[in-house]
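Below, read A as the first sequence line, B as the second, and so on, with proteins coming before strands; counting in each chain starts at 1.
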Amino acid sequence: EPEVTQTPSHQVTQMGQEVILRCVPISNHLYFYWYRQILGQKVEFLVSFYNNEISEKSEIFDDQFSVERPDGSNFTLKIRSTKLEDSAMYFCASYQGSHYNEQFFGPGTRLTVL
Amino acid sequence: DQQVKQNSPSLSVQEGRISILNCDYTNSMFDYFLWYKKYPAEGPTFLISISSIKDKNEDGRFTVFLNKSAKHLSLHIVPSQPGDSAVYFCAASANTGGFKTIFGAGTRLFVKA
């Protein structure tokens with residue numbers, strides 16, 4: 001069964017450093033997403049991406065964040081200058097675009113900012 | 001952002017009995033509602049969904065009920081099994097262009113053998 005994959009599974013970085021989180025969505029899906037879950041809190045929407053551009057973003061997704069689909073398979077989230085409060089699980093998801101918004105999630109990347 | 005609320009942080013049920021997980025929402029623009037299941041150290045897994053034009057959707061042991069007038073939905077699991085023990089997230093989306101999904105805080109279900 002096709003699945004969303006994410007790398008790395010755990011990223012540790014120093015405050016102020018740039019990080020890039022990588023995702024490979026399911027190949028025939030059209031919509032791509034990043035969500036995050038701070039420890040003990042709810043899963044929060046960050047951004048959706050369709051047709052090579054951002055279609056929606058939340059207030060969390062400020063100028064420090066950017067997304068890119070550099071080739072036909074990868075979807076990346078970049079945080080330019082990490083803050084302590086960026087520590088969270090980051091989930092990538094993809095959606096085919098045609099059925100009840102059934103988004104498939106990856107296993108997540110745990111980002112720890114020291 | 002409290003658009004989707006799950007007021008019960010946890011629920012404990014005996015194996016073989018019914019589990020009922022509840023969810024309330026405030027945004028009338030939501031047109032799809034979904035339930036996700038999540039195990040520790042894994043991403044959410046889609047379980048079942050319902051369109052706002054329906055009031056019930058069933059898939060095996062899982063049934064979702066939607067009461068639009070009350071802005072309430074529930075997930076019924078019958079019969080409950082120990083393997084169902086996980087965190088269940090209620091979620092909702094609207095066709096605002098990106099189909100973003102808003103999640104509730106989750107309910108941790110314990111199914112006792």
Tell me whether [Y] is reachable from [X] by hopping between hydrophobic residues (I, L, V, M, F, W, Y) whose side-chain heavy atoms are closer than 4.5 Å.
| X | Y | answer |
| --- | --- | --- |
| A:Tyr50 | A:Val67 | no |
| B:Phe62 | B:Leu73 | yes |
| A:Phe45 | A:Leu111 | no |
| B:Ile77 | B:Phe110 | no |
| A:Met15 | A:Phe65 | yes |

ILVMFWY clustering at 4.5 Å (side-chain atoms), partners of B:Val78: B:Ile18, B:Ile20

Using a 4.5 Å cut-off between side-chain heavy atoms of Ile, Leu, Val, Met, Phe, Trp and Tyr, which other residues end up in the same hydrophobic cluster as A:Ile26? A:Val4, A:Phe104

Spacing of [X] atom [atom1] and [Y] atom [atom2] [to the nearest 0.5 Å]:
| X | Y | atom1 | atom2 | answer |
| --- | --- | --- | --- | --- |
| A:Lys42 | B:Gln6 | NZ | CD | 8.5 Å |
| B:Glu42 | A:Met89 | CD | CE | 10.0 Å |
| A:Glu44 | B:Thr101 | CD | OG1 | 14.0 Å |
| A:Tyr95 | B:Ser93 | OH | OG | 7.5 Å |

Distance-minimising heavy-atom pair for A:Val43 and B:Phe103: O-CB, 3.5 Å

Which portion of B:Ala41 sits near chain A, non-hydrogen atoms under 4.5 angstrom: backbone

Can you tell me which of A:Ser55, A:Ser9, A:Cys92, A:Gly108 forms the most heavy-atom pairs within a distance under 4.5 Å of chain B? A:Ser55

Would you say the rings of B:Tyr36 and A:Phe105 are close, in the sense that their centroids are separated by under 6.0 Å? yes

Report the residues that fulfil salt bridge (charged side-chain N to carboxylate O under 4.0 Å, His left out) with B:Arg17, sequence neighbours left out, ordered by chain and then residue number. none

Is it the case that over 12 heavy atoms from other parts of the model lie below 6.0 angstrom from the CG atom of A:Asn28? yes

How about CZ on B:Arg108, more than 12 heavy atoms from neighbouring residues, nucleotides or ligands closer than 6.0 Å, or not? no

Under 3.5 Å, is there a donor-acceptor pair linking the side chains of A:Glu102 and B:Ser49? no

Within residues 30-39 of chain A, which positions have a heavy-atom distance to chain B below 4.5 Å? A:Tyr31, A:Tyr33, A:Tyr35, A:Gln37

